[in-house]
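What follows is a short report on a single structure.
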Amino acid sequence: MLVIVEKEYADMCRVAAKMVVDRLRKKPNLVLGLATGSTPVGLYQELIRYHREDGLDFSKVVTFNLDEYIGLPPHHEQSYATFMKTQLFDHINISPENIHIPQGMFGEVNITAFETDPAVTAFCHWYEDEIKRAGGIDIQILGIGGNGHIAFNEPGSSLGSRTRVKTLTEKTRRDNARFFASIDEVPRYAITMGIGTIMEAREVLLLANGEGKAEAVRRSIEGPVTAMCPASMLQMHRKSTIILDQGAASKLSAEFITYG
Ligand code: GLP
């Protein structure tokens with residue numbers, strides 16, 4: 001696990017973008033795992049800048065997003081499909097057929113029977129198979145929830161889990177309520193890659209900024225590997241990099257590589 005502490009958010013994003021750009025220049029058909037949330041926005045802006053100013057080519061890139069809210073249609077302004085379009089895809093030359101985002105609408109699914117609903121199960125298997133057919137994810141971008149979640153793998157998620165439906169915790173719903181008119185509008189369920197799915201990526205790159213993430217970051221890096229802090233599983237990954245700003249790194253006790 002390589003932990004890099006940068007002075008500010010903008011520096012973190014530049015370092016993260018350089019890593020992604022380096023991988024993409026070496027492999028034009030890179031399979032890129034993408035995350036949503038506020039954290040990766042600056043990284044996406046950097047990637048857009050590389051595309052505009054240096055002609056960075058995304059035409060052969062294949063993307064897989066981590067997660068999507070259940071019950072929001074793709075065109076909903078808070079769906080992750082809309083987020084990806086406005087924050088990245090509309091501004092680079094990616095081929096629409098190479099974009100994969102979990103489906104959030106399943107018609108009249110009985111929410112108490114997600115585990116066994118055939119349409120949901122079939123979709124989850126299909127998503128996992130698509131990742132395999134693409135050759136596996138080369139580099140997976142991750143943020144972290146204030147409770148240590150990665151994607152929507154909430155505390156208690158199986159460390160070997162695959163793509164499936166998860167119930168969102170109250171903390172996650174409160175954290176994400178800032179994007180909705182009220183907390184009542186925040187979906188209660190999401191479809192998410194599992195921790196096992198994420199662990200199969202050849203490389204993972206987790207970004208975190210701000211003091212609000214400091215405790216989750218400390219538990220992920222210095223705490224025991226535990227399902228109660230899903231990001232702690234990255235300690236078991238063979239190639240993980242964590243890029244932090246000083247706020248997010250403020251509760252770490254060990255010394256890590258510091259730039260900036
Ligand atoms: C969201 C997403 C995660 C994200 C996290 C942190 O709910 N499902 O993929 O990493 O919460 O979000 P933010 O970057 O806005 O703090």
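Both ligands and their constituent atoms are indexed starting at 1 by order of listing.
The aromatic rings of F123 and W126 sit tilted relative to each other, their planes meeting at an angle between 30° and 60°. Using the six-membered ring where Trp is involved, H100 and F64 have ring planes that are parallel, under 30° apart on the 30 and 60° scheme.
R219 and N147 form no side-chain donor-acceptor contact under 3.5 Å, judged by distance and modelled atom types alone.
Sorted by chain then number, the residues whose non-hydrogen atoms approach ligand 1 to under 4.0 Å are T36, G37, S38, T39, D67, Y80, G143, I144, H149, A151, F152, N176, R178, K213.
Identified under the salt bridge (charged side-chain N to carboxylate O under 4.0 Å, His left out) test for residues 132-157, with sequence neighbours left out: K27-D138, E130-R133, D138-R202.
Legend: residues meeting side-chain contact (heavy atoms from CB on, under 4.5 Å) with D54, ordered by chain and number and at least two apart, are R25, Y50. Considering only residues two or more places apart in sequence or on other chains, R188 meets the side-chain contact (heavy atoms from CB on, under 4.5 Å) condition with E170, R173.
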